[in-house]
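Beneath this line is the structure, given in structure tokens, with notes to follow.
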Amino acid sequence: MKWTLSARPPFFLPAAVRSHGWIQLAPFHREDEEGTAFTYVRELDSGRAVEMRVTGAPGGVSVEVDAALTQDEQAALSRDVAWMLALDLDLSEFYELVRDEPKLAHVERRAQGRVLRSPTLFEDIVKTILTTNTAWGGTKRMVSAVVSQFGAPLPGDAGRHAFPGPERLATSDEETLRNETRLGYRAPYVLALARAVAGGELDLEAYKTSDLPTPELRKEMLALKGVGPYAAANLMVLLGRYDFLPVDSWALKVVSHEWHGGQPIGATEVEAAFEHWGAWKGLAYWFWDWSYLAEGG
DNA sequence: GGTAGACCTGGACGC
DNA sequence: GCGTCCAGGTCTACC
């Protein structure tokens, strides 16, 4: 079955798909380099896995599932896609703010500002933990292993699985996650998170709509084992709070080249460089035009 | 509150 | 092919 969802304009699906590396992580699958369509394998409440195919449509996106769905299941998938692509996000204040900044003036024209996210915060936290202290190739390998070893298989395609819910990961053990899934020292962090959510001690989904002030919400993220300043800031951006910068080695490098002549700098200098953008600094950093660095300038 | 060392893996490098 | 070194954030112990 196939249906459409509307998005608050301006909206351009490839801009969201290409907003960061999440599209390269299972169970996402990008159909082309441009990001005009992607698929995602989602486990329904019944335990059955289905593949969603998302493409651009006039005024929003089209969602296609090659399986029969109940009304409730279709509604749940619609909520997933709306969250993953932030279809209702209002960026008019951000666009107004950055209109005169040459390094950000492109964002409105290209309908940038939405950051692709997973359907659940649990999945995004696990993935974020798996980005820390490793190269991107390691992140892709670890996420792929988590999905293939624990995720519900997609009927008819043994090679694809959904991202496992916390209940599935909670039944694993540190030894397995460490040595078979090869998460290394991150294994106890992922296991503790899964068990806390599965056991009802932690309601991550409530954070999506939390009224907590951003610094308080950040403290909640930092309280999770394996989540430090970088990971917390990354998660805050995914939660639509842009007050903090995810300062990693890449941020130190590009900010140094942009404003400090390539000299070694710390997180303080990165923060200072974007302080001007206030509550939007996370997005300003995310969508800053660093292309000249990639081109070798 | 700040800092040093450990954690784990894969890739680069030298032999 | 093998061994060594290093990069990548966070945690814990210590000052």
Side-chain angles (χ1 to χ4, degrees), chain A residues 19-26 115 117-118 121-150 166 169 172-197 201-202 204 207 214-239 241-258 260 262-274 281-282 285-286 288 290 293-294 296:
Chain A
S19 57
H20 62 141
W22 251 216
I23 193 67
Q24 300 172 34
L25 300 178
V115 178
R117 48 196 177 189
S118 307
L121 187 56
F122 172 73
E123 180 177 333
D124 274 341
I125 295 177
V126 171
K127 285 177 172 176
T128 298
I129 289 174
L130 299 184
T131 66
T132 60
N133 205 25
T134 188
W136 182 242
T139 299
K140 289 200 282 190
R141 176 189 59 75
M142 287 186 276
V143 172
S144 178
V146 166
V147 169
S148 62
Q149 289 176 25
F150 299 99
L169 279 174
S172 184
D173 57 79
E174 184 177 328
E175 172 86 7
T176 302
L177 290 173
R178 187 183 284 269
N179 300 320
E180 292 181 28
T181 319
R182 297 177 67 77
L183 305 187
Y185 71 92
R186 302 168 194 82
Y189 303 154
V190 170
L191 187 60
L193 179 73
R195 288 184 173 166
V197 177
E201 302 150 39
L202 194 57
L204 294 178
Y207 289 132
T214 303
E216 295 301 313
L217 194 51
R218 178 174 176 268
K219 277 185 191 169
E220 299 280 319
M221 295 295 114
L222 286 171
L224 304 172
K225 284 289 166 81
V227 175
Y230 157 76
N234 192 63
L235 290 167
M236 296 306 288
V237 170
L238 293 176
L239 281 169
R241 312 282 189 109
Y242 312 116
D243 314 38
F244 294 93
L245 296 173
V247 180
D248 57 2
S249 55
W250 165 257
L252 295 173
K253 179 183 166 187
V254 294
V255 170
S256 170
H257 278 89
E258 183 87 0
H260 297 275
Q263 295 299 307
I265 60 169
T268 308
E269 286 79 8
V270 178
E271 295 283 348
F274 285 90
K281 70 178 74 136
Y285 163 74
W286 204 284
W288 193 263
W290 307 105
L293 290 172

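What you see below is based on every heavy atom in this structure, not just the backbone, and it leaves out hydrogens, waters and symmetry mates. Throughout, a chain's letter reflects where its sequence line sits, starting with A, and its residues are numbered from 1.
- For A:Glu201, there are no salt bridge (Lys or Arg N to Asp or Glu O under 4.0 Å) partners, not counting sequence neighbours.
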Check: residues 264-271 of chain A side-chain donor-acceptor pairs under 3.5 Å, at least two apart:
| residue | atom | partner | partner atom | Å |
| --- | --- | --- | --- | --- |
| A:Glu269 | OE1 | A:Gly266 | N | 2.8 |

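- In this view, A:Ser172 satisfies the side-chain hydrogen bond (donor to acceptor under 3.5 Å, both in side chains) rule with no residue, not counting sequence neighbours.
- By the 30° and 60° cut-offs, the orientation of the rings of A:Trp288 relative to A:Trp290 is tilted.
- With a heavy-atom cut-off of 4.0 Å to chain A, the contacted part of DNA chain C has its first and last nucleotide at C:dG8 to C:dT12.
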* In the 5'-to-3' direction, what one-character label does each nucleotide of nucleotides 9-14 of chain B receive under the scheme B = base within less than 4.0 Å of a protein heavy atom, S = sugar-phosphate only, - = no such atom? -> SS----
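- Listed by first and then second residue, the salt bridge (Lys or Arg N to Asp or Glu O under 4.0 Å) pairs that reach into residues 123-149 of chain A are A:Glu123-A:Lys127, sequence neighbours excluded.
- Sorted by first then second residue, the side chain to side chain donor-acceptor pair (under 3.5 Å) pairs that include residues 220-239 of chain A, not counting sequence neighbours, are A:Thr128-A:Asn234, A:Tyr207-A:Glu220.
- The side-chain hydrogen bond (donor to acceptor under 3.5 Å, both in side chains) search around A:Ser144 returns none, not counting sequence neighbours.
- Nucleic acid contact for A:Leu224: sugar-phosphate only, since backbone atoms but no base atoms lie under 4.0 Å from a heavy atom of the residue.
- Nearest-nucleotide assignment on DNA chain C puts the 5′-proximal partner with A:Val247, out of A:Val247 and A:Lys225.
- Remark: A:Glu180 pairs with no residue by the side-chain hydrogen bond (donor to acceptor under 3.5 Å, both in side chains) rule, at least two apart or across chains.
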